[in-house]
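Because the structure is a prediction, the values reported are computed rather than measured.
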Amino acid sequence: MGFLDILLGRTKAVAPDLDQLFGLPSAALTLQAAAGFTPTGTGAVCFASVEGGAFAQAHQEVQELLDADAERTGPPVEVSRDEYGYSWLVSRREPDDLPALVSDLHAVNSALEGSGFGPQLLCSVAGFQDTRQRRLGLVYLYKRGTFYPFAPLAGEAQRRDNALELQVKAALADDLRIEQDLSRWFPIWGAPGL
């Protein structure tokens with residue numbers, strides 16, 4: 001960053017650090033102790049779809065890689081599209097196997113990034129739920145290298161539990177790199193598993 005960048009208030013973009021995803025299992029223990037949330041076993045990677053054979057090939061290879069996991073039980077990896085036109089590659093694991101789910105999310109991000117489609121990656125999310133059936137997603141922003149909590153209210157038309165999100169932010173401050181700019185805590189309505 002140069003002198004003019006400092007004067008004009010420009011900042012250097014934060015590089016994605018996919019290894020941050022491996023902090024989720026320890027953060028899950030903190031989250032359970034602090035707020036009573038446990039993993040649902042569902043996670044997803046959101047990306048902007050691109051037309052063309054190269055992207056379709058990379059997407060197919062990622063899905064085959066995850067589906068080839070001999071230890072996977074339950075449904076295979078799914079692909080869905082939300083109402084906003086974004087694609088989600090969804091992985092489902094046993095709720096107590098968060099490390100395997102995190103490995104799936106990391107593999108998807110790494111494979112798409114390695115194929116040159118890093119700019120299409122938007123976020124990854126791991127789902128959580130408490131005994132009162134409240135839902136929570138820990139969202140990893142690919143382009144920022146940070147996490148934020150997203151807590152949609154059940155039965156409400158696109159409303160969030162902001163108090164819960166701030167409670168989770170405080171609880172996980174030592175476990176994950178939390179996004180400090182709250183304007184970047186984008187709602188992910190219709191995300192699989194939330």
- Task: Could you please spell out the steps behind the side chain to side chain contact (heavy atoms under 4.5 Å, CB included) verdict for Leu138 and Val168?
- Result: CA-CA 9 Å; Leu138 290 181; Val168 170; 4.1 Å; yes
- More than 12 heavy atoms of other residues, nucleotides or ligands under 6.0 Å from CG of Asp19: is that the case? yes
- Message: In the structure I gave you, are the side-chain heavy atoms of Arg134 and Phe128 within less than 4.5 Å of one another anywhere?
- Response: no
- Message: Is the shortest side-chain heavy-atom distance between Leu164 and Pro149 below 4.5 Å?
- Response: no
- Message: If I compare all heavy atoms of Arg160 with all of Tyr148, which pair ends up nearest, and what's the gap?
- Response: NH2-CE1, 4.5 Å
- List for me each residue that meets salt bridge (Lys or Arg N to Asp or Glu O under 4.0 Å) alongside Asp96, sequence neighbours excluded, and say none if there are none. none
- Reported CZ-to-OG1 distance for the pair Arg92 and Thr40, which is rounded to 0.5 angstrom: 8.0 Å
- Stepwise, does the side chain to side chain contact (heavy atoms under 4.5 Å, CB included) test hold for Asp130 with Thr38? CA-CA 6 Å; Asp130 71 359; Thr38 57; over 6 Å; no
- Task: With sequence neighbours excluded, tell me which residues meet salt bridge (Lys or Arg N to Asp or Glu O under 4.0 Å) with Arg135.
- Result: none
- Item | Contact summary for Ala44 and Leu105, nearest pair of heavy atoms | N-CD2, 3.5 Å
- Message: What I'd like to find out is whether the side chain of Phe22 reaches to under 4.5 Å of the side chain of His106, using heavy atoms alone.
- Response: yes
- Query: Under 3.5 Å, is there a donor-acceptor pair between the side chain of Arg177 and the main chain of Gly145?
  - Reply: yes
- Message: Less than 3.5 Å apart, any donor N or O on the side chain of Asn109 or Ser124 sitting next to an acceptor on the other?
- Response: yes
- Item | Chi angles and distances behind the side chain to side chain contact (heavy atoms under 4.5 Å, CB included) call for Leu182, Leu166 | CA-CA 10 Å; Leu182 300 184; Leu166 293 174; 4.3 Å; yes
- Roughly how far apart are Leu112 CG and Gln120 CD, rounded to 0.5 Å? 9.0 Å
- Item | Closest approach of Leu98 to Pro25 (non-hydrogen atoms, all atoms of both residues) | CD2-CA, 3.7 Å
- Note: Glu179 and Trp185 closest approach over all heavy atoms is O-NE1, 3.0 Å
- Query: Mind checking what makes ring pair (Phe, Tyr, Trp, His ring centres under 6.0 Å) contact with Phe147, not counting sequence neighbours?
  - Reply: Tyr140
- Message: To the closest 0.5 Å, what do you measure between CD (Gln20) and CZ (Arg144)?
- Response: 13.5 Å
- Same cluster or not: are Val102 and Leu29 linked, directly or through other Ile, Leu, Val, Met, Phe, Trp or Tyr residues, by side-chain heavy atoms under 4.5 angstrom apart? no
- Query: Are Val79 and Val90 side-chain neighbours, meaning at least one heavy-atom pair lies under 4.5 Å?
  - Reply: no
- Message: Nearest 0.5 angstrom please: Gln167 CD to Leu31 CG, how far?
- Response: 9.0 Å
- Item | Side-chain heavy-atom pair Val125, Leu194 within 4.5 angstrom cut-off | yes
- Could you tell me whether the side chains of Glu113 and Tyr142 share a donor-acceptor contact shorter than 3.5 Å? yes
- Query: Closest approach of Cys123 and Val139, non-hydrogen atoms and distance?
  - Reply: CB-CG1, 3.8 Å
- Nearest 0.5 Å please: distance from the OG atom of Ser26 over to the CG atom of Leu176. 6.5 Å
- Measure the shortest side-chain to side-chain distance between Cys46 and Ile188 over non-hydrogen atoms and say whether it is less than 4.5 angstrom. no
- Task: Look at the side chain of Lys143 and the backbone N and O of Leu121, then say whether any donor-acceptor pair between them is shorter than 3.5 Å.
- Result: yes
- Item | Tyr86 and Leu122: CA distance, side-chain angles, deciding distance, side chain to side chain contact (heavy atoms under 4.5 Å, CB included) verdict | CA-CA 9 Å; Tyr86 293 107; Leu122 301 175; 3.2 Å; yes
- Query: Is a side-chain donor or acceptor of Gln129 paired with a backbone partner of Gly127 at a separation under 3.5 angstrom?
  - Reply: no
- To the nearest 0.5 Å, how far apart are CG in Leu101 and OG in Ser91? 5.0 Å
- Residue pair Leu141 / Phe186: nearest heavy atoms and the distance that separates them: CD2-CD1, 4.5 Å
- Query: Under 30°, 30 to 60°, or over 60°: which ring-plane class applies to Phe150 and Trp189, parallel, tilted or perpendicular?
  - Reply: perpendicular
